[in-house]
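Okay, structure first, notes after.
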Amino acid sequence: MQRLCYTANQETVCIVEKQLGRMAQYPHFGYSMSSLRKVGDRLSKTIHHDEWRKPVEQERITELFAVANNWRDSHIMPMRSVRYSVRYAIRKLNIEGDLASRPKRMPSIRRKLKDSSVKLDQMNDLGGCRAIMDDIAGVRALVHQIEQTFPHDIRKEYRYIDDPKKDGYRSHHIVFNFVPKSQEQKPFEGRRIELQIRTRLQHSWATAIEAVSLFTGTDLKHHRGHENWLRLFELTSAEFAFAESCPTADGVPGHHERVSEIRQLCRELKAINTLENIKNATHYAENFVSDNAKYYLIKYQSDHTVSVQPYSGAILAAAALQNEEQKNEFGFADSKVVLVEVDQVERLVQTYPNYFGDVSLFVRNLRNLCEGSRAVEYSMTPQKVIKQKPRERPDPAALRRRYSKWTEN
């Protein structure tokens, strides 16, 4: 029997439930919460490579990661539900935007456990969604729509656009508690999913930092790297905020002074050349298109080659991610791996350009600043205008002949 929906929120739930499919196709958490907390405490500490060489220790450590991965993977279904609900909101508003989602990388999980007091079972972003809107108006509209009506409970908001971080990071974050809509979804109740809503300009800044970090083997995103690069990104963020009529981070100089400093830093770092080299040095084969794929495992190697493996199911995709991450932990590989879900495979590079060395939008705006122009919010390539065919006048005589033929038969 077809289920009927009456309110906007119920309509969203119905559409999302239909798209999610059967819950059995998603990873479920199969351990106790007390064991998870113990695992989180152990993973917050350093695991030496010597421990991997002892069979007994190896088995114990492998089990630690199995529990942690299983907990992370149990966020895939709620993450997908949130993404579909956001997609519905974007379509309802009739605005443009790209969507993607990803389970948090294990190295990032372990870094957060080490660097903060947060526990593994309390992390807000084990499942993360990203909405990239064309401009700041689209961001504002989507945030307002979600705050007004959404099928999952808002736990917390981080307004990094109106109150940017000191390093220049700008994005609007919303953390949801997943609300099950059926008995089947009950095992996933309360999973925390984080949604990042940002403009394409903000996205170009955030992914350029990650692209430079990948290329140079540094960690600029977490303030570890060359001070001049960190300063350049701090100042360009302020210029991007200026272009979008948004507040800048505290302590940055005024417009003219910071543009002057940006030009000086660009010369010293040869920043534009370096950024263009990132694109030229990154190689990947565009053979990852698959008709039934929903998930894509992106692997960035230390030699700047990128491979993409498509998967149709969440369980197989999560297992592949765990396998690649374990190779890195054992020291058998040295790669950066992320599992991504996108609406269309064509959007994969646009939503995760850092892994593909695509820093073109950031470079274009940085060059504008160095050449005396302003940064621009975002501009689409003009669509080719196709000349309409001349309107043909119908022939009344032909219509009469056709009508006569019908009536005669």
Side-chain angles (χ1 to χ4, degrees), residues 72 75-76 78-90 93 95 97-105 108-109 111-113 115-179 190-210 220-223 233-234 237 240-241 244 246-250 338 340-342 351-352 354:
R72 174 189 62 180
H75 289 70
I76 290 178
M79 177 180 74
R80 196 169 213 221
S81 176
V82 167
R83 189 170 65 85
Y84 280 145
S85 298
V86 174
R87 184 174 69 179
Y88 177 83
I90 290 173
L93 290 167
I95 55 179
D98 289 330
L99 280 170
S101 56
R102 59 95 189 106
K104 193 174 184 70
R105 296 172 58 246
S108 300
I109 293 172
R111 183 192 298 111
K112 183 174 277 192
L113 290 172
D115 296 347
S116 69
S117 59
V118 70
K119 302 298 182 184
L120 182 55
D121 61 303
Q122 298 171 338
M123 282 192 182
N124 291 329
D125 60 345
L126 291 179
C129 299
R130 182 177 289 171
I132 307 158
M133 314 309 294
D134 280 355
D135 51 34
I136 195 66
V139 168
R140 303 288 190 200
L142 181 58
V143 169
H144 179 73
Q145 175 69 25
I146 289 172
E147 288 175 339
Q148 292 301 307
T149 175
F150 203 72
H152 303 290
D153 295 337
I154 295 178
R155 181 184 183 88
K156 198 165 186 178
E157 289 188 68
Y158 299 90
R159 303 176 187 276
Y160 296 132
I161 293 177
D162 295 322
D163 186 16
K165 291 186 176 183
K166 176 69 175 67
D167 62 6
Y169 178 79
R170 299 165 59 237
S171 184
H172 191 104
H173 293 197
I174 306 176
V175 179
F176 300 101
N177 284 334
F178 176 74
V179 177
R191 294 291 191 275
R192 302 178 191 183
I193 305 297
E194 183 183 75
L195 168 67
Q196 300 173 357
I197 308 174
R198 55 174 67 156
T199 64
R200 295 196 186 278
L201 195 55
Q202 292 161 10
H203 186 57
S204 75
W205 181 93
T207 52
I209 280 190
E210 295 187 16
L220 297 173
K221 182 179 176 181
H222 297 97
H223 318 127
F233 278 110
E234 180 186 353
S237 171
F240 288 3
E244 294 178 331
C246 294
T248 58
D250 293 336
V338 65
V340 178
E341 184 183 10
V342 289
T351 49
Y352 282 84
N354 45 307

### Point-to-point distance, once rounded to the nearest 0.5 Å, from CD1 of I209 to CG of N354
11.0 Å

### Message
Any carboxylate oxygen within less than 4.0 angstrom of a Lys/Arg side-chain nitrogen, looking at R87 and E341?
### Response
no

### Any K221 side-chain heavy atom under 4.5 Å of D167 side chain
no

### Message
Show the nearest heavy-atom pair for residues P164 and I161, with the distance to one decimal.
### Response
CD-O, 3.7 Å

### Task
Name the orientation class of the two ring planes belonging to Y160 and Y169 (parallel below 30°, tilted from 30 to 60°, perpendicular beyond 60°).
perpendicular

#### Entry: Atom NE2 of H222: over 12 foreign heavy atoms under 6.0 Å
yes

### Summary
Heavy atoms of I197 and S171 approach each other most closely as O-OG, 3.3 Å

### Task
Looking only at non-hydrogen atoms, find the nearest pair between I146 and I154 and report the distance.
O-CD1, 4.1 Å

### Task
Please answer whether the main-chain N or O of S81 pairs with a side-chain N or O of S85 as donor and acceptor at a distance below 3.5 Å.
yes

## Note on the structure
Correct closest heavy-atom pair for A100 and R83 would be C-CD, 3.7 Å

### Summary
What one should report as the nearest heavy-atom pair of G168 and W205 is C-CH2, 3.5 Å

### Message
Quick check on D115: does its CG atom have over 12 non-hydrogen neighbours (other residues, nucleotides or ligands) under 6.0 Å away?
### Response
yes

### Task
Report the distance from atom CD of E194 to atom NZ of K156, rounding to the nearest 0.5 Å.
11.0 Å

### Query
Within the distance-only criterion (no hydrogens, no angle test), does the side chain of R192 pair as donor or acceptor with the backbone N or O of V175 below 3.5 angstrom?
no

## Note on the structure
The single option from R198, Q196, E157, R140 that satisfies side-chain contact (heavy atoms from CB on, under 4.5 Å) with H172 is E157

### Query
Would R105 and E210 satisfy salt bridge (charged side-chain N to carboxylate O under 4.0 Å, His left out), going step by step from the backbone distance to the final call?
CA-CA 14 Å; R105 296 172 58 246; E210 295 187 16; over 6 Å; no

### Message
Can you tell me how far apart CG (L99) and CD1 (I90) are? Round to the nearest 0.5 Å.
### Response
4.0 Å

### Task
Apply the test side chain to side chain contact (heavy atoms under 4.5 Å, CB included) to residues F150 and V86: give CA-CA distance (whole Å), side-chain angles for both, the deciding distance (0.1 Å), then the verdict.
CA-CA 8 Å; F150 203 72; V86 174; 3.8 Å; yes

### Task
Using the six-membered ring of Y352, assess whether NZ or CZ of R130 lies under 6.0 Å from its centre and within 45 degrees of the ring axis.
yes

### Query
Salt bridge between R200 and D134, side-chain N to carboxylate O under 4.0 Å?
yes

### Message
Tell me the closest heavy-atom pair linking M79 and S101, and the distance in Å.
### Response
CG-CB, 3.7 Å

### CZ-CD1 distance between R159 and I174, expressed to the nearest 0.5 angstrom
8.0 Å

### Pair I193-H75, side chain to side chain contact (heavy atoms under 4.5 Å, CB included): steps then yes or no
CA-CA 8 Å; I193 305 297; H75 289 70; 4.2 Å; yes

### Query
Say you draw a straight line from CD of Q122 to CG of L120; how long is it, rounded to the nearest 0.5 Å?
9.5 Å

### Query
Is the backbone N or O of F178 less than 3.5 Å from a side-chain atom of H152, with the two atoms forming a donor-acceptor pair by type?
no

### From CG (D250) to NZ (K165), nearest 0.5 Å
14.5 Å

